[in-house]
Amino acid sequence: MAERERVIAALKAVLKQRGWRYADLARELGVSEPTVKRLLSSGRIDLERLERICALLDLDFFELARLARGARDAPRHLSARQEEELAQSPRLMTVFHLLCQGWRADAIREGYALGAPELTRLLARLDRLGLVELQPGDKVRLRVPRDFSWRDDGPVRARYLGAASREFLLDDFRAPDTLLALEIRELGAASLAVLRRKLERLQIEFKEAAELDISLPPSKRRSVGILVAMRPWVYSLIDSLRSESLRDDRAAPRAVRGRRPARR
């Protein structure tokens, strides 16, 4: 399939996912519905109009390109067995993580004071798991895509995510390169969906930035973590106000209707 056809197919998929009809798009663009059908069937969309459509769908060109090449059609995961092995061995997990960040075996050995025999054993174990290809001289080639995702219900997240998140938040976040922000607002369903897509896009852009910098030597890079989280939530302080109000309402004496105070 030609690149133009892939882009149009991805655009149609987004329209369907968002519940947009051709008539809806035509109305927003100020053209007729047959014109929209002709544009999407022929693929002859100029850059200005494509940019307008992307803006209407809250979609940027990079995200559309990722969809066109199938990068986001389905998350790429390791097998359950591979994740299980990594979850059971923190040292194996660490070496695999560094390899995914572009570290060479000799740099890992020097930077983390790993003995040559131990590192070779760990690399051989990763090779048996099908995660890397171990070549002569402890040279390594990854056999999995760098942008894979951990399984949501998998053993790696179960073992490491909670502890890593708590450790991440122990910092006071006062250094120049840090950022910590907590905002609590009330949103409707549509705005919540838009915000979620933007956070997912940020996560993808973070991985892409790391992929661009992977050619830099380790001495020119810094390990950086981002923690992206969003959920329906009421802060306990605010919720306690509601609870106290309910208790006050229950404790307040009820007026007796239809009765006059007794005369003395």
Side-chain angles (χ1 to χ4, degrees), residues 1-79 100 142 144-154 157 179 181-215 224-234:
M1 185 184 296
E3 291 300 319
R4 182 190 297 268
E5 293 175 351
R6 291 181 186 275
V7 170
I8 297 301
L11 189 58
K12 289 179 179 179
V14 173
L15 286 168
K16 184 177 181 180
Q17 181 185 17
R18 307 278 171 86
W20 280 62
R21 300 170 302 174
Y22 288 167
D24 300 325
L25 185 58
R27 183 175 60 254
E28 294 295 331
L29 293 175
V31 298
S32 66
E33 185 175 349
T35 298
V36 168
K37 290 180 178 179
R38 184 172 62 254
L39 289 172
L40 294 180
S41 61
S42 67
R44 299 181 181 278
I45 303 179
D46 59 75
L47 186 59
E48 182 179 354
R49 183 160 286 172
L50 182 60
E51 185 178 20
R52 176 91 184 277
I53 295 174
C54 286
L56 290 171
L57 296 174
D58 187 40
L59 189 72
D60 63 32
F61 287 123
F62 292 110
E63 187 175 3
L64 183 61
R66 284 192 293 268
L67 288 169
R69 68 174 182 259
R72 294 187 60 192
D73 286 350
R76 291 184 280 188
H77 299 300
L78 305 184
S79 71
C100 288
L142 280 178
V144 295
R146 296 184 192 275
D147 61 344
F148 71 87
S149 299
W150 299 112
R151 296 171 180 269
D152 291 337
D153 56 349
R157 283 184 178 272
L179 172 66
L182 174 63
E183 298 289 344
I184 306 173
R185 298 289 189 270
E186 296 185 354
L187 299 175
S191 295
L192 192 62
V194 169
L195 183 60
R196 180 186 175 92
R197 289 197 300 272
K198 289 184 176 181
L199 291 177
E200 290 173 343
R201 187 182 307 160
L202 174 63
Q203 182 184 10
I204 292 170
E205 290 174 355
F206 178 74
K207 291 182 177 181
E208 290 177 343
E211 187 69 24
L212 287 174
D213 291 347
I214 206 165
S215 59
V224 178
I226 63 169
L227 178 63
V228 180
M230 180 182 74
R231 70 180 179 93
W233 177 57
V234 178

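Nothing fancy with the numbering, it's 1 onward along the sequence.
At least one side-chain heavy atom of W233 sits under 4.5 Å from a side-chain heavy atom of I184. At a threshold of 4.5 Å between non-hydrogen side-chain atoms, the residues F206 and V228 do not count as touching. In this structure the side chain of L57 never reaches within 4.5 angstrom of the side chain of L25, judged on heavy atoms. L39 has its side chain out of reach of I8: every pair of non-hydrogen atoms, C-beta onward, lies at least 4.5 Å apart.
When all heavy atoms of A10 and L64 are compared, the closest pair comes out as CB-CD1, 4.0 Å. When every heavy atom of E28 is checked against every heavy atom of R52, the shortest pair comes out as O-NH2, 2.7 Å.
Atom NE2 of residue H77 and atom CH2 of residue W150 lie 11.5 Å apart, to the nearest 0.5 angstrom. Taking CG of L29 as the start and CZ of R27 as the end, the distance is 10.5 Å to the nearest 0.5 Å. Residue I45 holds its CD1 atom at 5.0 Å from CG of L40, rounded to the nearest 0.5 Å.
The side-chain hydrogen bond (donor to acceptor under 3.5 Å, both in side chains) analysis of residues 31-41, with sequence neighbours excluded, yields the pairs S32-T35.
Evaluation of the salt bridge (charged side-chain N to carboxylate O under 4.0 Å, His left out) rule for D153 yields no partner, not counting sequence neighbours. A search for side chain to side chain contact (heavy atoms under 4.5 Å, CB included) contacts involving L187 returns S191, L192, L195, not counting sequence neighbours. When the side chain to side chain contact (heavy atoms under 4.5 Å, CB included) test is applied to R44, the partners found at least two apart in sequence or on another chain are S42. R21 pairs by the side chain to side chain donor-acceptor pair (under 3.5 Å) definition with D24, not counting sequence neighbours. By the side chain to side chain donor-acceptor pair (under 3.5 Å) test, R196 is found to be paired with E200, residues two or more places apart in sequence or in another chain being considered.
Other residues, nucleotides and ligands contribute more than 12 heavy atoms inside 6.0 Å of the NZ atom of K207.
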